[in-house]
Amino acid sequence: MDRRLNPYTPNAGARPPVLVGREDELEEFDVLLHRLEAGHTEKSLIVVGLRGVGKTVLLGEFRQLALDREWHVVEIEVSKWDDAQFRRSIARELRRVLHSISARSWSQKLRGAMGALRSFTLKVDPEGHLTIGLDADVSVGVADSGDLDADLSDLLVGVGEAAREHGTGVVLLLDELHFLSRPQMEALIAAVHKTVQRSLPITAAAAGLPQIHELVGDAKTYAERLFKFPSLGRLADADAREVLREPARLLDVRFGDEALNVGLEFSEGYPYFLQEFGEAAWDLASGSSIDVMDGLRAKLVVQEKLDSGFFKVRLERTTELQKAYLRAMAELGPDAQLASRVADLLERTSSECGPTRKQLIDKGLLYATEHGYAAFTVPGFDEYLKRAIPELAPPPIRRRPGRGET
């Protein structure tokens with residue numbers, strides 16, 4: 001098959017040629033925009049899911065829905081920032097939005113928002129480089145307290161008031177939300193809360209790994225009343241078949257049922273793995289159909305590709321102690337595992353393994369499912385670990401002798 005015509009898209013955040021199984025989440029976002037436009041309030045969205053389930057793709061769909069309704073969009077991929085970097089990132093994007101709104105006309109609310117932005121950024125940029133070109137004076141007493149909660153609240157309220165006065169709205173799309181520090185998470189939640197209290201047309205839609213539930217809840221006790229948490233997972237069999245079959249059909253290529261069965265068994269319905277499988281099966285096929293042999297060969301090709309890239313890059317970010325902890329978890333299976341059972345395999349106590357477990361959660365490789373339990377954030381990582389590290393419990397993690405032991 002001609003590789004130049006391959007319709008599948010196994011790229012980070014790339015929209016698949018056929019998007020199915022996400023209708024409920026798109027409807028929720030559409031309702032959110034409509035209600036805010038009407039002056040009502042509605043819960044913001046935080047999309048939750050493992051790696052490879054299409055969270056970033058869904059944020060891209062949210063972006064298009066907002067643009068279609070002539071809203072202004074802020075797109076931010078969160079990283080592990082200090083508070084100054086967090087301020088810069090937010091300010092840089094909101095500066096662009098305010099300039100876009102100002103293209104319609106100037107207003108007192110818009111000048112107020114720009115003044116709040118100057119105040120907000122001068123806390124990290126005394127020379128005012130981030131606010132060059134904003135025709136507004138610093139708003140004394142607004143977004144200049146040095147307290148991140150209060151300053152971000154002032155800023156989002158100012159932007160929301162300007163947007164309402166100009167008959168538009170603003171949506172903040174935040175990817176990798178779990179990387180925010182607790183103070184940054186607290187500030188974001190407090191700011192969204194303030195805009196809800198004023199029924200402003202400004203909202204947030206974010207995506208993060210499953211630990212985001214706990215992080216948001218710990219940051220502010222009222223967060224559950226501000227956000228909905230739609231969960232993305234594997235696709236149902238019918239949807240997964242459509243993801244593979246339909247792009248080929250549109251190019252007059254038949255994706256055989258037996259090849260589809262191989263793809264579903266291999267991918268377990270995870271969207272990213274489906275795209276990898278579809279791409280490989282297309283490239284390996286000849287003629288105008290993809291048969292079971294193409295599917296079986298594609299399975300081997302994709303497995304090797306994932307092992308040398310998708311999985312490997314995550315394992316290479318870990319220390320030897322962290323690798324050993326992950327390998328012990330893999331020994332117990334793909335499901336959430338009790339910390340004490342993992343520690344037993346490593347011949348250590350739970351308290352000794354606690355820091356390693358926390359580091360892996362902070363790196364986004366594990367997430368806490370409930371008290372004492374953790375699971376992998378990457379589908380299939382347990383089987384990869386068994387292939388990559390055949391031996392369990394390497395020497396560096398043997399339990400230290402206790403008092404009186406030799």
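Sequence positions, counted from 1, serve as the residue numbers for this chain. Values reported hereafter were calculated over all heavy atoms of this structure, with side chains retained and with hydrogens, waters and symmetry mates removed.
- Applying the side chain to side chain contact (heavy atoms under 4.5 Å, CB included) test to Glu331 and every residue at least two apart in sequence or in another chain returns Arg327, Leu345, Leu392.
- Taking the ring pair (Phe, Tyr, Trp, His ring centres under 6.0 Å) definition, one finds that Tyr384 meets it with Phe311, Phe381, sequence neighbours left out.
- Residue Gln359 qualifies as enclosed at atom CD: its count of foreign heavy atoms under 6.0 Å is above 12.
- Side-chain atoms of Asp283 never come within 3.5 Å of backbone atoms of Arg3 as a donor-acceptor pair (strictly under, hydrogens ignored).
- Within 6.0 Å of NZ in Lys363 there are more than 12 heavy atoms belonging to other residues, nucleotides or ligands.
- For the residue pair Glu176 / His178, a side-chain donor-acceptor distance below 3.5 Å is found, with atom types taken as modelled.
- Contacts of Tyr367 classified as ring pair (Phe, Tyr, Trp, His ring centres under 6.0 Å), with partners at least two apart in sequence or in another chain: none.
- The number of heavy-atom neighbours closer than 6.0 Å to CZ of Arg35, taken from other residues, nucleotides and ligands shown, is above 12.
- Taking the charged nitrogens against the carboxylate oxygens, Arg22 and Asp239 have no contact shorter than 4.0 Å, which rules out a salt bridge.
- For Glu61 and Arg15, the salt-bridge test passes: some basic side-chain N is under 4.0 Å from an acidic carboxylate O.
- Nearest approach of Glu25 to Leu45, heavy atoms of both residues: O-CD1, 4.4 Å.
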Derivation and outcome, side chain to side chain contact (heavy atoms under 4.5 Å, CB included), residues Glu186 and Arg182: CA-CA 6 Å; Glu186 289 173 349; Arg182 178 161 180 163; 3.1 Å; yes
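- At a threshold of 4.0 Å, the pair Arg297-Asp294 counts as salt-bridged, since one of the basic side-chain nitrogens sits closer than that to a carboxylate oxygen.
- Within 6.0 Å of NZ in Lys312 there are 12 or fewer heavy atoms belonging to other residues, nucleotides or ligands.
- In summary, Glu242 and Arg245 do not engage in a salt bridge, as defined by a charged side-chain N under 4.0 Å from a carboxylate O.
- Considering only residues two or more places apart in sequence or on other chains, Tyr272 meets the ring pair (Phe, Tyr, Trp, His ring centres under 6.0 Å) condition with Phe310.
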Would you list the atom pairs, donor with acceptor, under 3.5 Å between side chains in residues 264-271 and any protein atom, with sequence neighbours excluded?
from: Glu265; atom 1: OE1; to: Lys299; atom 2: NZ; distance (Å): 3.3
from: Ser267; atom 1: OG; to: Gly263; atom 2: O; distance (Å): 2.8
from: Ser267; atom 1: OG; to: Gly269; atom 2: N; distance (Å): 3.1
from: Tyr270; atom 1: OH; to: Arg234; atom 2: NH2; distance (Å): 3.1

| task | Output, in order, the C-alpha distance, side-chain angles, deciding distance and verdict of side chain to side chain contact (heavy atoms under 4.5 Å, CB included) for Ile290 and Arg254. | result | CA-CA 6 Å; Ile290 299 171; Arg254 179 180 178 275; over 6 Å; no
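- Residues passing the side-chain hydrogen bond (donor to acceptor under 3.5 Å, both in side chains) test with Gln303 are Asp307, sequence neighbours excluded.
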